[in-house]
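Here is the structure we will look at.
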Amino acid sequence: MAAVQWRSRERNYEAELQRCRPEAAPIEFGDYHPLKPIMVTDSKTRRGTRKGSTSSSSSSSSSAPPDPLSSMLDGTDPLSMFAAASASQPAAAAVSHSSSMGDLGRKRREKEEEAVGPDFEPWSMKRGEILARFTTTEKLSINLCMGSDKGKALGPGSSAVSEKVRTRLEELDDLEEGSQKELLNLSQQDYANRIEELNQSLKEAWASDQKVKALKIVIQCSKLLSDTAVIQFYPSKFVLITDILDTFGRLVYDRIWSMCSDPRPLPESFTVEDVNDTAKETCLNWFFKIASIRELLPRLYVEAAILKCNRFLSRTGIQETLPRLTAMIRGIGDPLVAAYARAYLCRVGVEVAPHLKDSLNRNFFDLLATFRQIGGESVQNLLVVQRVEVPEYLTLYSPAINWILQCIAYRAPEVLLTEMMDRCKTMANNALLLNSIMRAFRPEFVAARATDFIGMIKDCDESGFPKHLLFGSLGRSLACADPPESERLSILNEAWKVITKVRSPQDYIGCAEVWVEFTCRHFTKREVNTVLADIIKHLTPDRAFEDAYPQLQSVIRRILTYFHDFSVLFSMERFLPFLDMFQKDGVRVEVCKSIMEVFIKHQVELTRDPVILNAMLHICKTMHDSVNSLTLEDEKRSLALLIVGFMRTVSFGRDFEQQLSFCVEARATFCNLEPVLVQLVHTVNQLAMETRRVMRGSHSRKTAAFVRACAAYSFITIPSLSSIFTRLNLYLLSGQVALANQCLSQADAFLKAAVSVLPEVPHSISIEGKLRSSESFLLDFINNFLATLLVVPDHPEHGVLYLVRGLLNIVQDYTWEENTDAKVRVYLSALPLLAAMSQETFLYSIPKVDSNETLYGGDPKFLSEINKLCETLIGQILDHLKALARDEQSARRQSALAFSLFGVLLAHGDLRNNKLSQLAVNLWNLSHKQGLSDTRLSVRTLEHVKHQAQQPGMAHLSEAAQRLSLQTRT
Amino acid sequence: MSVSLDIKLKRANKVYHEGETVAGVVMLSCKEAMQHHGISLSMEGIVNLQLSSKSVGVFEAFYNSVKPIQLINSNIEVAKAGKVPGGKTEIPFEFPLHTKGNKVLYETYHGVFVNIQYSLRCDLKRSLLAKDLSRTCEFIVHCQPQKSKVVPTPVNFTITPDTLQNTRESSLPKFLIRGHLDATNCVISQPLTGEVVVENSEVPIKSIELQLVRVETCGCAEGYARDATEIQNIQIAEGDVCHGLSIPIYMVFPRLFTCPTLETTNFKVEFEINVVIVLHDDHLITENFPLKLCRV
């Protein structure tokens, strides 16, 4: 095809805009809002609306405009309807409650008592804690003998067999009747595993209908609880074995339950009358069987385990059994075993019959009655044999006594608690009880008497229960409830006097950690600072902090919960030194992150406080420096996000130079985290624009130098980024900013840099871990870039349209992916630019920047340059179209491209030129040749052409329009 | 061809009293229809007495077994010879529990030398080729409740080294153990209760146990044999219990192995309880209390 002669259509942007306006906006602006509802003044629908939406919206009177969103919906908003429904239910319930207060008051009270609310900390929460706390490295043994003592048949000869072999051989034995097992030398983990195996075999035995075997397993297991060898492990052993008992209790209960489920399952609140004879008989059998267990402890535990089954036999069964079992525990000689048996009974009791408080109290009083045994001779002998210190021994009681007291204290009246406390006071060596009281009673109760408690703790025997634990428990209560205001300071002083004397760093930090909360809650930074100083003093020797990272972290967490003002926080002298104690990398970063998170959340206003900035920079630097080649992407991202969050809160107000120098410093500090660098470039660009705004567009010499400095900053920061599109976009953006600030050579440099980077764009880039073609991104960028080029004046030393040519050359040389039209699409979008450039006045310009319109002033030479360029481009496009014609598959692409070019010609070409108009008609035909074009689009285009033709000076189009034929679909 | 025969009593606990009717069903299940020569049901109540080898010598014990005493015996035919259809067949029956003459139905009791047992036996006769089937089912008889009221009389006891008889050693450690049983004339369906308090003890306590003992006496030509054997032993305290604190005594009388104290012309069944205290140096201290059980 011969070269086409290009003439750009002359545009009168003003007039075009004027023409568009009245058509598009026939409505008065003051009235119109796209979100405003179409006002339907149909009273019927309105009423419907009001009926439907029950809640707040109904209260709005008709004078107020209805909520545009809710009124769009017909009547009821489905979401608010649900909300209203669910809200009305409890309300209704409340109403019925209050109305029934009179006659049903008693019933309700019962129900209230019965229900153990969610505020009752269940056993399952304690379980893990106990297992983690009471551990041992000593070897344990399990001795199980099922039924008869056949195990003794092992002759004396067998002793020659090594212990290990014997254990193995016995492991091979099943839990058959008569087999005896003695497993020695078990580690704690082995022990737990064995118990779990027993749990499994219990379930299996049950499932295979071997009820007797199941019972035997349970009996043997509970027998293990009378063994106090390796006493440090006893609490954990208790936890493991009572798990089995719970399983057993559940199995028996469910079995009997299911016996009654014919013809329909028992209701949850069944009575004895609902239970059939067979079930009763079975239940009775269990109780008779258990009553004949020889040993005390198994009989007690197993009966407690199936306590719930009493419901099948009589209404008052549980009520009668609990006191009996409570009394039975008196027969247990070992105080620790007895205490745990009580804990188990309370646990079952609270679960099965929470309203029966008496036996709980009974249990506790019995415990007090036998309390003197703890110091008794038998216990002392035991401790000597096992080489356990008294303080350690006493802590073994804590879980059991805590639990018993927790059960008692739950929703108990104040009077009872006071009575309990007074009883404990009178006991000798009561530190253990004191500790449990502080742990189990309501924090409010403890807090109100905090001073008393401190006095009592002080009076305690040094050699008894560890004092740091006592203070720890007190601190825990005070962290949840407030003591009287006047006493707070003396409480802190008194407590800290003791805490600071705790020698072992581990014990110390365990206690101090708790008290930090109290300090933060009620005191100022001065006191907190003192506390921090004390902690540092205790933990620095011998690098004791290395073993206390979790506690130290929790200290930081507690401080951060209460101190949100970072200027106060960082003005604490000891805060940063405290942070320095975190010397393990992972922990250090973790702590920094937690501080940053709180900072970002609570530091709302911008800051220039040097204290905050220094400290935060230090923290951010710590995080940044933790990044290495092994750091995960996610981790990097989250760190960068936090640092960026910090950057955003920094503002030096009008002191722009200071801000820039801060950015310089930050760039040096955070060079490894790209998102931070990107943010810095944005910050600096924003700074430049801010300067421009302050100067109202005209820079003084000083500000001009400053904005150039900003540009320089961006210019040298951008190349260090690895993501190519980030670089490109930042170049473009910075170029635009430079241009806006009249830094022409800088803008030139940015844009040139962008053009020179273009050839490096890879074909595919990774987005969220997936490889994607970069083409669309590249096209977007180039279009954006082209739009900017309109206002960029030509460099006086380079030729006309230096940048446009440069870009087009790059596009020409770029190795595009095969089988795409990207290159041609670029050419297509370059055409409108060139057309815009050939106008007398440009569509847009930048204030105080002379663009080419003023430089060339419509010089014919310039115009002919543009036209030449256009002709080359069109030539290229047409060549491409021709190439496409060869291929059947690419027909669709050809059609689309041809139509695009037609559009460009129509919009930007001067169609009075015959050749151009002929070309346009040809392109139209080409795009319709295969019948692949979008017919609707064609119809609309044709209408547009006809419409255009009616405009003044566009009459020539009507002739062209006649030649454009629409193809009917065949 | 598998046939199963079973007797199912109406009452789940299988407990009946004199004068009541033992009711239930004979359950037959077979895959195909089956020919039989009649199904019969018999009820029998019997007292088995055995002499212990200890009191009369091994051979006498073997040969001189006292003749069993029949308390009740009756027979009914459930079904005449015929055919039973395949599947499950239930044939209901009823037996009145009446004695002949002036015989008394003693309460069911399983002991060592005395056994009182009641059973139903179902026989299914078949042709020569197939084996006869039979099934027995024990049921339990409780004797008529006692008319007179039982007034519990508490029994106190104090054990010190001085109160003990049959001490072999002279040097016993010092101790003082007090306690009481709420009653020695007990209702069999209610537990034995009481308290024991270790006031003081030089040597730590190892264990406190309750031992339930039956004393069975059989009369025979040569006189009579009286034997005491343990029924069960229940530990009520383990380890060095707290001094001065009362420990509950509590024992449920096991079913079948206990019955109301029984005295007849031919045999006697009596019960005793021992409170056994084991000291840590394995000294065994026992205090014996005869019981009188009854049913109300």
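Throughout, a chain's letter reflects where its sequence line sits, starting with A, and its residues are numbered from 1.
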Self-check item: Ile332(A) backbone acceptor or donor facing Glu238(B) side chain under 3.5 Å
Solution: no

Quiz item: Would you say the side-chain atoms of Arg299(A) pair up with the backbone N or O of Gln235(B), donor to acceptor, closer than 3.5 Å?
Solution: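 Side chain of Arg299(A) to backbone of Gln235(B), a donor-acceptor pair under 3.5 Å: yes, one is there.
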
Quiz item: Side chain, backbone, both or neither: which part of Glu209(B) has an atom under 4.5 Å from a heavy atom of chain A?
Solution: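 When you check distances to chain A, only side chain atoms of Glu209(B) fall under 4.5 Å.
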
Exercise. Go through the atoms of Ser246(B) and report whether side chain, backbone, both or neither lie under 4.5 Å from a heavy atom of chain A.
Key: both

[X] to [Y] - nearest heavy-atom pair and separation:
X: Asn233(B); Y: Arg294(A); value: O-CG, 2.9 Å
X: Ala369(A); Y: Cys242(B); value: O-SG, 4.0 Å
X: Phe253(B); Y: Phe288(A); value: O-CE2, 3.7 Å
X: Ala327(A); Y: Pro248(B); value: O-CD, 3.2 Å
X: Gln373(A); Y: Asp240(B); value: NE2-O, 2.9 Å

Exercise. For Lys14(B), look at atom NZ and say whether over 12 heavy atoms of other residues, nucleotides or ligands are found less than 6.0 Å away.
Key: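 Atom NZ in Lys14(B) is not crowded, with 12 or fewer foreign heavy atoms closer than 6.0 Å.
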
Self-check item: Arg315(A), CZ: over 12 other non-hydrogen atoms inside 6.0 angstrom
Solution: no

Practice problem: May I ask you to say whether Arg11(B) pairs ionically with Glu281(A), meaning some side-chain N is under 4.0 Å from a carboxylate O? | Solution: no

Region of [X] that comes under 4.5 Å of a non-hydrogen atom in chain B:
X: Ile329(A); answer: neither
X: Glu295(A); answer: both
X: Asn276(A); answer: neither
X: Ser226(A); answer: side chain

[atom1] of [X] to [atom2] of [Y]: how many Å apart, nearest 0.5 Å?
X: Tyr250(B); Y: Met328(A); atom1: OH; atom2: CE; result: 9.0 Å
X: Ser292(A); Y: Phe257(B); atom1: OG; atom2: CZ; result: 9.0 Å
X: Thr278(A); Y: Asn13(B); atom1: OG1; atom2: CG; result: 10.0 Å
X: Leu296(A); Y: Ile234(B); atom1: CG; atom2: CD1; result: 9.5 Å
X: Arg330(A); Y: Glu195(B); atom1: CZ; atom2: CD; result: 7.0 Å
X: Gln232(B); Y: Ile293(A); atom1: CD; atom2: CD1; result: 11.0 Å

Quiz item: Most heavy-atom pairs under 4.5 angstrom with chain A, which of Ala237(B), Gly239(B), Pro254(B)?
Solution: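 Highest number of pairs under 4.5 Å: Ala237(B).
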
Quiz item: Under a 4.5 Å heavy-atom cutoff, which of Thr193(B), Ile236(B), Val196(B), Val252(B) has the most pairs with chain A?
Solution: Ile236(B)

Practice problem: Output the option from Thr282(A), Val337(A), Asn285(A) having the highest count of non-hydrogen pairs under 4.5 Å with chain B. | Solution: Asn285(A)

Quiz prompt | Most chain B-contacting option - heavy-atom pairs closer than 4.5 Å, from Lys289(A), Arg324(A), Glu377(A), Lys280(A) | solution =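 Of Lys289(A), Arg324(A), Glu377(A), Lys280(A), Arg324(A) has the most heavy-atom pairs under 4.5 Å with chain B.
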
